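Some notes on the structure that comes next.
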Amino acid sequence: PYREQPIFSTRAHVFQIDPNTKKNWVPTSKHAVTVSYFYDSTRNVYRIISLDGSKAIINSTITPNMTFTKTSQKFGQWADSRANTVYGLGFSSEHHLSKFAEKFQEFKEAARLAKEKSQEKMELTSTPSQESAGGDLQSPLTPESINGTDDERTPDVTQNSEPRAEPTQNALPFSHSSAISKHWEAELATLKGNNAKLTAALLESTANVKQWKQQLAAYQEEAERLHKRVTELECVSSQANAVHTHKTELNQTIQELEETLKVKEEEIEGLKQEIDNARELQEQRDSLTQKLQEVEIRNKDLEGQLSDLEQRLEKSQNEQEAFRNNLKTLLEILDGKIFELTELRDNLAKLLECS
């Protein structure tokens with residue numbers, strides 16, 4: 001039987017490479033979704049699957065030639081040549097990315113071992129067929145001739161290779177074709193089953209809403225009818241006691257219906273309040289966005305003013321530096337003049353002594 005169970009799950013934002021540019025990433029999920037590794041024990045196949053609602057946004061079979069690459073601390077990608085695309089996952093932390101990459105490497109190695117084991121079994125089952133065929137066949141039957149290359153064969157053919165007792169060469173391709181057909185029929189049945197469940201849930205939800213509305217209308221009609229009935233019974237004086245007892249019961253019933261109606265009305269008011277709160281939050285977000293834009297504009301103005309002040313400060317510092325240099329030069333000249341005057345005084349003193 002076809003059985004496939006999740007063996008590891010995480011949450012991430014899903015992207016696919018733009019098929020036109022082959023450069024830009026295109027988000028395929030509006031928010032973080034569950035991304036799971038699945039294992040099919042009957043066919044020894046590992047797959048990565050992610051659903052956004054009822055839509056499969058990732059359906060990638062792990063093969064030995066695949067490589068998962070970490071392009072940043074929280075983003076990783078891998079190429080799927082069979083799906084002719086590149087998948088990208090954005091995680092909430094580096095730990096989640098590392099854990100997913102470890103599982104990818106682990107299941108990739110398991111897929112490689114399963115492929116080698118499958119090829120060995122195919123070689124063993126094809127050998128008796130070749131010997132019985134003698135020289136009538138021009139080429140031996142190998143796993144490559146049965147399954148095609150990695151890019152040509154379907155994702156699950158290489159794993160579906162349980163040996164049978166002395167199969168003939170003509171029966172092998174037919175068994176593989178039958179296995180592929182059964183696999184995709186099971187896939188189609190699963191998708192149809194999921195679609196039927198979702199449709200049934202939607203119909204049930206719609207029916208519940210309609211039923212609630214019908215019950216509410218029925219309660220209102222019943223309350224009006226009971227009020228009229230009470231009025232009619234009060235007019236009959238010959239059955240006063242019976243009317244009183246019946247009236248009490250009817251009043252209780254009316255009270256219960258009114259309480260039920262009140263609860264429903266409170267639920268409606270609660271829903272209206274939630275809608276009003278959502279609108280207020282939207283208005284607050286718009287107001288904060290506008291204020292943020294104004295603050296950004298103010299910041300740009302302040303940055304311009306700061307740049308102007310920095311230029312002025314630099315100019316003032318340059319002028320002060322030039323003034324200091326001039327003053328230093330003047331002091332050097334003054335020192336020279338003082339030294340010359342000192343020499344002149346000394347010379348004059350010597351002349352006076354000599355005379």
Side-chain angles (χ1 to χ4, degrees), residues 10-33 35 66-79 85-105 276-355:
T10 186
R11 292 186 67 82
H13 291 269
V14 181
F15 300 84
Q16 281 191 21
I17 202 70
D18 190 338
N20 297 323
T21 63
K22 297 296 183 181
K23 295 181 180 179
N24 301 326
W25 288 106
V26 178
T28 55
S29 63
K30 296 180 180 178
H31 48 79
V33 296
V35 182
M66 283 185 176
T67 301
F68 185 82
T69 305
K70 298 180 182 178
T71 58
S72 69
Q73 291 184 346
K74 298 181 181 181
F75 193 88
Q77 66 184 53
W78 78 95
T85 189
V86 179
Y87 294 104
L89 297 178
F91 295 87
S92 59
S93 67
E94 185 177 359
H95 171 74
H96 289 87
L97 171 60
S98 299
K99 191 67 176 177
F100 187 89
E102 291 174 4
K103 291 296 181 180
F104 191 99
Q105 185 63 29
D276 292 338
N277 292 338
R279 289 176 180 173
E280 290 178 0
L281 290 175
Q282 181 66 28
E283 292 176 356
Q284 291 178 2
R285 191 187 73 173
D286 295 339
S287 175
L288 291 175
T289 302
Q290 185 177 0
K291 289 181 181 179
L292 180 61
Q293 292 175 352
E294 293 175 355
V295 170
E296 289 177 351
I297 294 172
R298 179 62 178 168
N299 285 340
K300 289 182 181 178
D301 293 339
L302 292 175
E303 288 175 358
Q305 294 178 7
L306 180 61
S307 177
D308 187 36
L309 290 174
E310 288 176 350
Q311 291 177 358
R312 291 182 182 178
L313 178 61
E314 184 179 359
K315 183 178 179 182
S316 176
Q317 290 175 348
N318 292 334
E319 290 177 353
Q320 288 181 1
E321 186 67 24
F323 177 75
R324 288 175 183 169
N325 292 334
N326 292 334
L327 185 61
K328 185 177 180 181
T329 303
L330 182 61
L331 289 173
E332 291 176 354
I333 295 172
L334 184 60
D335 290 339
K337 296 297 182 182
I338 292 172
F339 180 74
E340 291 176 358
L341 288 173
T342 303
E343 288 183 346
L344 180 62
R345 178 182 173 281
D346 293 340
N347 291 333
L348 290 174
K350 289 178 181 180
L351 289 174
L352 289 175
E353 290 176 358
C354 293
S355 62

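Every value quoted in this text rests on a predicted model; they were computed, and no experiment measured them.
The closest side-chain heavy-atom distance from Gln73 to Leu97 is not below 4.5 Å. Taking the side chain as every heavy atom from C-beta outward, Thr85 and Ile17 approach each other to under 4.5 Å. Counting heavy atoms from C-beta on, the side chains of Leu309 and Leu313 never come closer than 4.5 Å.
Scanning for side chain to side chain contact (heavy atoms under 4.5 Å, CB included) contacts around Lys103 gives Phe8, Tyr37, Lys99, Glu106, Phe107, with sequence neighbours left out. Residues that satisfy the ring-ring contact (aromatic ring centres under 6.0 Å, His included) test with Tyr87, not counting sequence neighbours, are Trp78. With sequence neighbours excluded, the residues that form a ring-ring contact (aromatic ring centres under 6.0 Å, His included) with Phe15 are Phe75. Residues meeting the side-chain hydrogen bond (donor to acceptor under 3.5 Å, both in side chains) test with Thr69, sequence neighbours left out: none. Every residue meeting the side chain to side chain contact (heavy atoms under 4.5 Å, CB included) condition with Thr329, not counting sequence neighbours, appears here in chain and number order: Ile333. Looking at residues two or more places apart in sequence or on another chain, you find a side chain to side chain contact (heavy atoms under 4.5 Å, CB included) between Thr21 and Asp18, Lys23, Asn24. Here Asn20 pairs with nothing under the side-chain hydrogen bond (donor to acceptor under 3.5 Å, both in side chains) rule; sequence neighbours left out.
For residues 336-346, no pair satisfies side chain to side chain donor-acceptor pair (under 3.5 Å), with sequence neighbours left out. Listed by first and then second residue, the side chain to side chain donor-acceptor pair (under 3.5 Å) pairs involving residues 297-315 are Asp308-Arg312 (not counting sequence neighbours).
How far OG1 of Thr28 is from CD of Gln16: 5.5 Å, rounded to the nearest 0.5 Å. For the atom pair CZ (Phe68) and CD (Gln77), the distance works out to 8.5 Å, reported to the nearest 0.5 Å. Note that the OG1 atom of Thr71 and the CH2 atom of Trp25 stand 7.0 Å from one another [nearest 0.5 Å].
The neighbour count for Lys22 NZ, taken as heavy atoms of other residues, nucleotides or ligands under 6.0 Å away, is above 12.
With hydrogens and angles disregarded, no donor-acceptor distance shorter than 3.5 Å links the side chain of Thr10 to the backbone of Val35.
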Sequence neighbours left out, cut at 3.5 Å: what donor-acceptor pairs do the side chains of residues 88-96 make with other protein atoms?
residue: Ser93; atom: OG; partner: His96; partner atom: N; Å: 3.4
residue: Ser93; atom: OG; partner: His96; partner atom: ND1; Å: 2.5

Side-chain donor-acceptor pairs of residues 278-294 under 3.5 Å, sequence neighbours excluded:
residue: Gln282; atom: NE2; partner: Asp286; partner atom: OD1; Å: 3.4
residue: Thr289; atom: OG1; partner: Arg285; partner atom: O; Å: 2.7

Return all side-chain donor-acceptor pairs below 3.5 angstrom for residues 348-355, not counting sequence neighbours, or 'none' if the list is empty.
residue: Ser355; atom: OG; partner: Leu351; partner atom: O; Å: 3.2
residue: Ser355; atom: OG; partner: Leu352; partner atom: O; Å: 2.9

